[in-house]
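Taking it in order: structure first as structure tokens, then the write-up.
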Amino acid sequence: MRCAAWLGPLLLLASPVHGQWQAAPDAGDADLRIVELLLRERATIAPDILAWQTSDGTVYMPYAETMDLIGFRIEVDATGANGWFLRETQTFKLDIVAGTVQVADRIQPLQPGDIRQIDGIAHVSGTALNRWFALGMTFLPDRQVITLAPPYLLPSEERLRRGSARTSSGQEDYSDLPRLAKGPGLISWPYLTANLSLLTQTQQGSSLAGQANVFAQADLLGTSAQAAISYSRPGRADARLTLARLDPEGRLFGPLGASFIEAGDINLQAAPLLLRNASGIGMQIGRGRLNAAGRFDQTDLVGDAPPGWQAELYRDNELLNFQTIGSDGRFVFQAVPLLFGGNRFRIVLYGPSGERETVLRTIDISSDLIPPGTLTYSVAAIKQGRSLFRGSLLNINSRRAIDNGLGDGAVQFNPTGLHAQALVGYGLTRSLSISANVARREEDFVVKATYLGGGFGWRLGGSALVSGNVLHQINGGTAGNIGILAGWKGINVSLDRTQYSSNFVSDENRNSPGVSLKSRDNLSLDSQIAGISWNLSGSQTSRSDGAKDRFASFRASSVWQGLSITPRLSYRDITLDAQRRDRRVDAGIAAAGTIGPFRLRALIDVDLAPQVQMRTAGGEVALRLTDWFLAADFNRDFRQSSNRYGLSANRDWNGLRLGVEGRFDDTNKAFSALLTLSFAIDRAPMGGGVRLGRNARRNGGTVIARVFEDRDGDGRMGADESILEGAEVSSFPRGSSQVEHGATLIENLPMDREVALVPDLSAVEDPDISPSVAGVRVVPRAGGVLRVDLPVVATGELELLVRDSQGNSMPGIVITLVHADFASEYRIRTAFDGKAISDKLPPGRYMVRFGEINAAEVIVAAREFRQVELTLPADDSQK
């Protein structure tokens with residue numbers, strides 16, 4: 001009951017904000033933290049949860065999500081909440097008006113700062129969680145992790161332990177659960193988004209054009225398929241298709257032990273020192289993550305999104321970049337800088353009718369080395385710059401992207417030609433990994449070269465990583481790189497140097513015959529002061545002809561009233577020779593976010609030297625009013641003295657969207673109008689037809705799990721076996737779930753890691769029912785629905801009385817029960833009176849063993865209590 005007194009007040013976290021909740025203050029000084037939630041530093045409760053940290057260091061958790069993850073059940077109305085936690089007899093009552101929480105006979109007051117509204121959502125402080133019920137919550141900022149260590153079992157923990165007791169795993173991290181290999185099927189109903197448009201414009205005479213694009217995900221021929229198709233009239237059709245299989249445990253293709261394979265239109269990460277990633281049509285197969293022995297300081301973030309949507313990239317609350325999705329259906333953020341420790345990125349996708357979706361990506365640099373004794377590899381070959389129909393996908397969306405203006409200096413470069421490579425990595429120790437690679441490039445009209453290389457990654461203590469790479473070009477030059485990435489007291493430092501010998505062909509000197517790079521130096525500092533994230537970086541590049549390019553930039557980012565604001569200042573000094581030198585200084589500010597019902601995006605760019613002048617300015621304001629979504633945007637190019645204006649209105653009928661958009665460009669006095677019909681659709685996983693729009697699945701895996709009584713013990717649901725009434729299934733990490741017709745539908749699950757499915761029998765009335773297995777581990781996939789049946793059985797109870805040869809009871813004797821059919825083992829120990837009791841045993845024949853000796857065979861029947869008396873052999877009486 002003491003634990004009950006601790007736990008009760010957390011139940012106030014269970015509901016949407018009602019009544020007096022609206023008066024809770026907004027935490028304007030809070031910074032977003034995308035953290036992993038762990039139980040006892042082992043079990044992942046949630047891989048990514050959006051928490052907030054205020055300037056005084058207090059961490060706030062979203063109350064509804066936290067309550068659901070911990071596993072409490074209450075009901076809430078406008079004035080408070082009533083329900084129960086842990087057990088139905090442990091009741092709870094919350095009085096919002098009085099500001100009190102009553103748990104059993106104990107009443108506690110709410111204190112200032114216990115709960116705050118952030119972005120319109122009520123959050124609870126970690127301090128309050130620990131004070132109320134000793135949750136043992138700790139925030140580890142270097143790892144971006146929140147750990148919970150209560151001195152009791154949480155409901156989800158109890159369910160797992162009840163199941164794990166049958167296999168004696170005793171684990172809380174789900175690693176002992178059996179893996180269920182269920183790959184994609186032959187074909188499945190697709191998830192599909194479509195945009196159909198009619199465009200008219202007045203430039204060079206009036207014209208009318210039809211446009212369409214479709215993005216689809218489904219199971220196809222045993223793979224997870226993703227396709228993007230575009231068509232324009234007059235114009236041409238084009239498409240992108242990617243087929244993939246994923247198994248994090250590396251069980252694909254037998255002895256190859258592959259963990260992934262993909263074919264079709266793919267994105268290929270370049271080998272170290274080749275710099276540019278490539279995309280095109282080809283195939284890739286491999287095992288594990290290979291950047292663990294290469295460069296640690298940057299990565300590419302690539303994913304799928306509906307064409308015409310807008311993507312914003314954040315690290316926590318720091319706005320890094322934004323772009324508009326083209327008709328290829330991909331967002332691509334290249335060369336994203338990484339910090340030492342946990343990098344938790346948030347890609348926020350906005351649809352043309354106000355839809356909002358969030359994609360979370362986690363890269364933990366502090367623990368990214370290859371485990372010792374583990375071999376990873378990747379083999380790939382692609383035709384760069386080509387799609388299925390030998391061309392680039394058409395960008396048929398009329399909405400113009402605002403130049404991101406964040407000063408990242410990224411250059412889009414995608415030559416055509418062959419690119420083939422093989423990479424292999426090996427973990428020597430927990431702190432040292434090595435790698436080797438070979439690559440072949442045959443780029444049209446530019447270069448044909450073969451490269452051989454190697455590298456290492458070395459962790460220094462717990463705060464730094466050193467990486468090095470060397471790459472030799474056959475019949476050419478050599479390049480080498482050494483770098484360090486370190487984190488200390490919230491300050492991250494990245495420093496590297498790359499040296500090139502003559503005749504080494506790189507992506508940066510291919511267009512300058514007779515000129516080669518000599519060296520490149522990079523330095524980057526990142527930190528956060530008073531809630532403001534900042535970055536100071538610089539680089540210097542030297543060429544063989546004496547030319548030098550120096551670049552420095554400063555960027556800061558903060559949140560104000562819901563807006564992420566990022567100002568920057570850049571300096572560039574290009575020296576070609578003694579007479580030719582170009583110095584430029586420019587600045588800009590970008591902002592994106594939501595204020596009340598308005599979504600805003602804005603950008604200003606200005607040249608400061610050699611002369612002060614405005615360069616570009618632009619912005620967009622969008623407003624959602626019930627089912628209407630209105631937007632206006634403006635772009636000004638001061639150098640060309642041109643303006644572009646746009647207005648749009650969209651009406652949403654539960655995902656079926658009809659929109660109209662008008663644009664005017666005063667440079668050529670051109671006007672255009674666009675009429676668009678768009679929708680999303682998939683088949684309802686639980687049956688009952690199709691789902692439209694907001695109800696259709698996106699950006700997450702889907703599982704339908706059923707719990708059934710396995711009467712014949714074969715582990716499969718037969719025609720005469722039925723779903724167990726009252727049983728549900730919990731997933732870890734959590735997804736959104738609902739129960740229909742006795743089955744649990746779980747959606748929005750991660751697709752790049754294993755998910756544990758554990759039967760929840762807390763609402764089952766029959767006390768003799770117990771899981772046959774504690775649960776299973778599966779890997780959800782895009783486009784398909786994974787169906788899982790979890791067996792339970794009616795169990796029996798066995799009481800053993802153990803005596804020695806003299807007839808005396810034997811306390812403290814370990815007895816092993818071995819099930820003859822399941823090969824499961826259950827260990828029990830005799831008490832002071834020589835008795836050992838084991839309940840919830842699956843029915844069947846059991847061999848009773850003392851040490852290595854088979855002492856007896858007993859039969860356990862369902863819903864039966866059986867007593868057996870055994871005599872321990874004299875020679876084994878002390879075992």
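Computed from a predicted model, the values in this text were never measured in an experiment. The residues of the chain are indexed from 1 along the displayed sequence.
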Using atom types as modelled and distance alone, determine if a side-chain donor or acceptor of [X] lies under 3.5 Å from a backbone N or O of [Y].
X	Y	value
Tyr377	Leu256	yes
Asp219	Gly185	yes
Ser433	Ile370	yes
Thr744	Val729	yes
Asp710	Val792	no
Arg706	Ile723	no
Arg315	Pro337	yes

When rounded to the nearest 0.5 angstrom, what distance separates [atom1] in [X] from [atom2] in [Y]?
X	Y	atom1	atom2	answer
Leu428	Thr374	CG	OG1	11.0 Å
Arg251	Ser259	CZ	OG	11.0 Å
Arg245	Ile285	CZ	CD1	11.0 Å
Ile146	Leu148	CD1	CG	8.0 Å
Thr223	Leu186	OG1	CG	10.0 Å
Ile746	Thr702	CD1	OG1	10.0 Å

Distance-minimising heavy-atom pair for [X] and [Y]:
X	Y	answer
Val470	Thr478	CG2-CG2, 3.9 Å
Phe260	Gln284	CE1-CG, 3.8 Å
Leu241	Ala227	CD1-CB, 3.9 Å
Gln323	Phe331	OE1-CA, 3.3 Å
Val35	Ala51	CG2-CB, 4.2 Å
Ile474	Leu452	CD1-CD1, 3.9 Å

request  = Output, in order, the C-alpha distance, side-chain angles, deciding distance and verdict of side-chain contact (heavy atoms from CB on, under 4.5 Å) for Arg361 and Ile347.
outcome  = CA-CA 8 Å; Arg361 298 285 177 87; Ile347 300 104; 3.9 Å; yes
ask   = Are Arg287 and Thr376 close enough that a side-chain donor and a side-chain acceptor fall under 3.5 Å?
value = no
Donor + acceptor pair across side chains of Ser224, Gln217 (<3.5 Å) = no
query = Can you name the residues that form a side-chain hydrogen bond (donor to acceptor under 3.5 Å, both in side chains) with Ser524, not counting sequence neighbours?
reply = Asp526, Asn535
task = Answer yes or no: are there more than 12 heavy-atom neighbours, outside Arg179 itself, under 6.0 Å from its atom CZ?
result = yes
message = Take a 6.0 Å sphere around CG of Leu375 and say whether it holds more than 12 heavy atoms from other residues, nucleotides or ligands.
response = yes
inquiry  = A side-chain contact here means heavy atoms from C-beta on lying under 4.5 Å apart; do Ser188 and Val785 qualify?
reply    = no
task = Show the numbers, then the answer: is there a side-chain contact (heavy atoms from CB on, under 4.5 Å) between Ser731 and Leu749?
result = CA-CA 9 Å; Ser731 66; Leu749 292 170; 3.8 Å; yes
task = Mind running side-chain contact (heavy atoms from CB on, under 4.5 Å) on Leu320 and Phe333 for me, showing each step along the way?
result = CA-CA 9 Å; Leu320 300 179; Phe333 295 103; over 6 Å; no
